[in-house]
Amino acid sequence: MLREKDIELMRTTQNMALPNVCTRKRTSYVADGIGGRVPDSVDELSGIPCRKSVLGRPVDYMVNGVLAGSTDKVITLPQGSDVVETDYLEIDSTVFEVVGFMSTGEWETALRCLCVVVR
């Protein structure tokens with residue numbers, strides 16, 4: 001059984017393998033007065049260590065066609081990073097939208113975000 005100390009050591013090692021830096025952008029919305037919502041503001045959190053890769057994607061995304069016709073990447077961030085689906089990650093002026101996650105759970109050593117290139 002892994003102890004918390006062992007998991008923390010693995011997370012520290014994982015974090016040393018994050019050579020890039022990204023900015024997380026999250027849009028806040030307000031009611032538009034007719035039952036919908038409109039963008040209000042964008043919250044930015046910069047300086048997040050990361051790594052981008054083109055590793056395989058989960059079968060459920062392929063089956064559901066979420067990534068059909070788009071360029072997909074896996075962006076790895078430190079475990080516990082404040083990132084949710086629909087956030088945007090900007091790395092070296094390339095913007096990615098987070099469409100899902102490839103890793104979660106108690107023993108997660110890094111947050112692996114499944115992303116599509118926006119621009």
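Since the structure is predicted, the reported quantities are computational estimates derived from the model, not experimental observations.
With a 4.5 Å cut-off on side-chain heavy atoms, S81 and L45 do not count as touching.
If you take OG1 on T109 and CD on E8, they are separated by 11.0 Å, rounding to the nearest 0.5 Å. Within the model, atoms SG of C113 and NZ of K52 stand 14.5 Å from one another, a figure rounded to the nearest 0.5 Å. With rounding to the nearest 0.5 Å, the separation of CG in L111 from CE in M102 is 11.5 Å. To the nearest 0.5 Å, atoms OG1 (T12) and CD (Q79) are separated by 10.5 Å. Here the CZ-OG distance, from R37 to S28, works out to 10.0 Å after rounding to the nearest 0.5 Å.
Taking all atoms of both residues into account, the shortest heavy-atom contact from R24 to D87 is CD-OD2, 3.2 Å. The shortest non-hydrogen separation linking W107 to I7 is CD1-CD1, 3.3 Å. The minimum heavy-atom distance between V21 and G47, with the atom names listed, is CG1-CA, 3.4 Å. Here the closest heavy-atom approach between residue R11 and residue E108 is recorded as NE-O, 2.8 Å. Nearest heavy atoms, Q14 versus T76: NE2-CG2, 3.7 Å. For the pair P49 and P78, the tightest heavy-atom approach, listed with the atom from each and the gap, is O-CD, 3.2 Å.
The same ILVMFWY cluster, assembled from side-chain heavy atoms under 4.5 Å apart, contains both I91 and I48. Neither Y29 nor V83 shares a network with the other; the hydrophobic side chains, linked directly or stepwise wherever heavy atoms of I, L, V, M, F, W or Y lie under 4.5 Å apart, form separate groups for each. Residues L18 and M10 do not share a hydrophobic cluster, defined by chaining ILVMFWY side chains whose heavy atoms lie under 4.5 Å apart. A single hydrophobic cluster is seen to contain both I75 and V98, as judged by linkage of ILVMFWY side chains at heavy-atom distances under 4.5 Å, directly or through other members. When the side chains of ILVMFWY residues are joined at heavy-atom separations under 4.5 Å, either directly or via intervening members, Y88 and L114 end up in two distinct hydrophobic clusters.
Under the 3.5 Å distance criterion, the side-chain polar atoms of R112 are left unmatched by any main-chain donor or acceptor of V74. When atom types are taken as modelled, the side chain of R26 and the backbone of D82 share a donor-acceptor pair closer than 3.5 angstrom.
Using a 4.0 Å cut-off between a side-chain N of Lys or Arg and a carboxylate O of Asp or Glu, R119 and E90 do not qualify as a salt bridge.
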